[in-house]
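Encoded as structure tokens, the structure appears first; notes follow it.
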Amino acid sequence: MSIIILGIESSCDDTAAAVVKDGYILSNVISGQDVHQAYGGVVPELASRAHQQNIIPVVDSALKKAGVLKQEISAIAFTRGPGLMGSLLVGTSFSKGFAQALNIPLIEINHLQAHIMVHFIHDNNMDNNMPDFPFLCLLVSGGHTQIVRIDDYLKMEILGETIDDAAGETFDKCAKITGLPYPGGPLVDKLATGGDPNRFKFSKPKVSDLNYSFSGLKTSFLYFLRDRLQENKEFIVNNMPDLCASLQKTIIEILMEKLIQASSQTGIRSIALAGGVSANSGLRNEMKRLAGIKKWKIYIPEFRYTTDNAAMIAIAGYYKYQGGLFSPRDTSPLARMDYDRSV
Ligand code: KG4
Ligand code: ZN
């Protein structure tokens with residue numbers, strides 16, 4: 001009999017639902033929240049209210065697009081954490097209620113592990129080239145920056161992570177300093193294509209092991225602009241593409257330095273990208289360039305699976321379902337959540 005998983009994601013500002021049947025994606029619906037743009041960042045209270053409005057239409061649409069009846073669902077996989085508590089509560093409560101009503105199992109998913117699991121999605125519209133174990137993944141999102149070793153579908157170990165800001169947060173905060181709206185990452189990427197990446201130099205951190213730090217770069221970017229603006233009020237508008245290209249280059253160099261170190265320390269040359277920042281064109285190109293030099297086998301997600309989505313939750317649920325890894329009915333969300341080590 002087929003395994004049909006409904007995945008639900010609501011950890012931050014995207015309400016998403018997806019249906020996976022026997023590992024194949026049937027639908028992947030995402031409703032973003034423009035309401036945060038005016039505030040330069042996600043406003044938690046507004047995010048949870050928007051999730052409440054969106055969740056039923058999004059789930060309904062995912063089921064309709066998949067051509068699946070609710071009675072056919074085998075289990076519901078939901079993001080238990082990490083994320084914003086109010087946002088997580090909406091997805092978790094909805095999932096608990098729906099699973100109870102349908103009398104089917106509930107499967108909790110760690111959002112970060114799910115980002116990595118996109119590499120195991122079967123999709124009829126893409127080349128299903130999946131990594132062999134073990135492989136390394138650079139997980140770069142708005143809230144996290146980690147180098148993860150993956151030994152099996154749900155057996156993952158964090159080798160290094162940021163000690164302060166995440167890479168996506170750095171893109172967004174620096175973009176905000178220049179006056180760009182939230183989220184600035186995709187806009188910096190776009191503007192950087194027309195700029196000179198070697199024009200400006202910003203400070204790079206010195207952090208031990210495989211850890212990252214981005215707060216120094218953010219401060220260096222802020223002070224650099226403050227000084228230049230004192231000389232010329234038009235400095236930002238006159239230099240936007242070069243500023244974006246130089247900032248992006250610095251972030252990518254910081255990311256890659258530790259990834260190269262992780263690969264040589266572990267001897268693992270299968271390397272994947274995941275998370276929202278893996279949509280960045282400069283990062284994707286740099287991975288391809290390094291793959292040639294370092295003889296890496298690289299795995300770069302399709303754009304639709306880089307930023308938050310529920311396909312990643314559903315596919316992670318599919319693997320947990322096969323292991324019978326179900327959650328109790330009285331489960332509750334976790335704003336902070338360790339990697340799942342149940343497998
Ligand atoms: O994974 P994600 O959707 O949400 C979190 O789990 O945090 O990542 C969102 C982050 C934001 O910081 C956004 O600016 C960044 O990913 N991002 C990008 C690009 N697209 C999204 N950063 C740089 N270049 C992009 N093209
Ligand atoms: Zn995410």
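Order of appearance sets the numbers: ligands from 1, and atoms from 1 within every ligand.
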| query | Would Y321 and F326 count as a ring pair (Phe, Tyr, Trp, His ring centres under 6.0 Å) if you check the C-alpha gap in whole Å, the side-chain angles of each, and the deciding distance to 0.1 Å? | reply | CA-CA 7 Å; Y321 184 92; F326 304 138; 5.5 Å; yes
| Test log, rule side chain to side chain contact (heavy atoms under 4.5 Å, CB included), inputs I158 and I147 | CA-CA 6 Å; I158 300 168; I147 297 177; over 6 Å; no
| task | Given ring pair (Phe, Tyr, Trp, His ring centres under 6.0 Å), test Y153 with F120 step by step and report yes or no. | result | CA-CA 8 Å; Y153 293 107; F120 299 106; 4.9 Å; yes
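Nearest non-hydrogen protein atom to atom 3 (O) of ligand 1 is D308 N, 2.9 Å. Atom 22 (N) of ligand 1 has its closest protein heavy atom at G185 CA, 3.5 Å. Counting protein heavy atoms only, atom 14 (O) of ligand 1 is closest to D172 OD1, 2.6 Å. Protein heavy atom nearest atom 24 (N) of ligand 1, with residue, atom name and distance: N280 ND2, 3.0 Å.
Of all the atoms in ligand 1, the ones that sit under 4.0 Å from a non-hydrogen atom of G142 are 5 (C), 7 (O), 8 (O), 9 (C), 10 (C), 12 (O). Shown in contact with G276 at under 4.0 Å from a heavy atom are these atoms of ligand 1, numbered in order with element: 1 (O), 2 (P), 8 (O), 16 (O), 17 (N), 18 (C), 19 (C), 20 (N), 21 (C). Ligand 1 places these atoms under 4.0 Å from at least one heavy atom of D189: 24 (N), 25 (C), 26 (N). Close approach of ligand 1 to G168 is summarised as follows: ligand atoms under 4.0 Å from at least one heavy atom of the residue are 12 (O).
When you scan the N, O or S atoms of D308 for the one nearest the Zn ion (ligand 2), you land on OD1. Minimum-distance N/O/S atom of H115 relative to the Zn ion (ligand 2): NE2.
Judged by a 6.0 Å distance limit and a 45° cone about the ring axis, R284 is positioned over the six-membered ring of F303.
Rounding to the nearest 0.5 Å gives a distance of 5.0 Å between CG of L243 and CZ of F235. Summarising the geometry, atom CG belonging to N198 is positioned 7.0 Å from atom OG belonging to S246; distances are rounded to the nearest 0.5 Å.
Under the 3.5 Å distance criterion, the side-chain polar atoms of K21 are left unmatched by any main-chain donor or acceptor of L26. Listed for the S27 side chain is a donor-acceptor partner under 3.5 Å among the backbone atoms of A62. Side-chain atoms of D172 come within 3.5 Å of backbone N or O of G184 as a donor-acceptor pair.
The shortest N/O to N/O separation between T307 and ligand 1 does not fall below 3.5 Å. At under 3.5 Å, a nitrogen or oxygen of G143, whether backbone or side chain, sits near a nitrogen or oxygen of ligand 1.
Among T79, L187, V277, the residue whose heavy atom sits closest to atom 15 (C) of ligand 1 is V277.
Residue contacts with ligand 1, taken as heavy atom pairs separated by less than 4.0 Å, involve H115 solely via side-chain atoms from C-beta onward.
Within the 4.0 Å heavy-atom shell around ligand 1 one finds H111. Judged by the shortest distance from any of its heavy atoms, P186 lies inside the 4.0 Å radius around the atoms of ligand 1.
With respect to M156, the side-chain contact (heavy atoms from CB on, under 4.5 Å) criterion is satisfied by exactly one of L112, L139, V148: V148.
Residue contacts to the Zn ion (ligand 2): H144 brings no N, O or S atom closer than 2.8 Å.
Aromatic ring pairs are classed by plane angle as parallel below 30°, tilted from 30° to 60° and perpendicular above 60°; the pair H115 and H111 is perpendicular.
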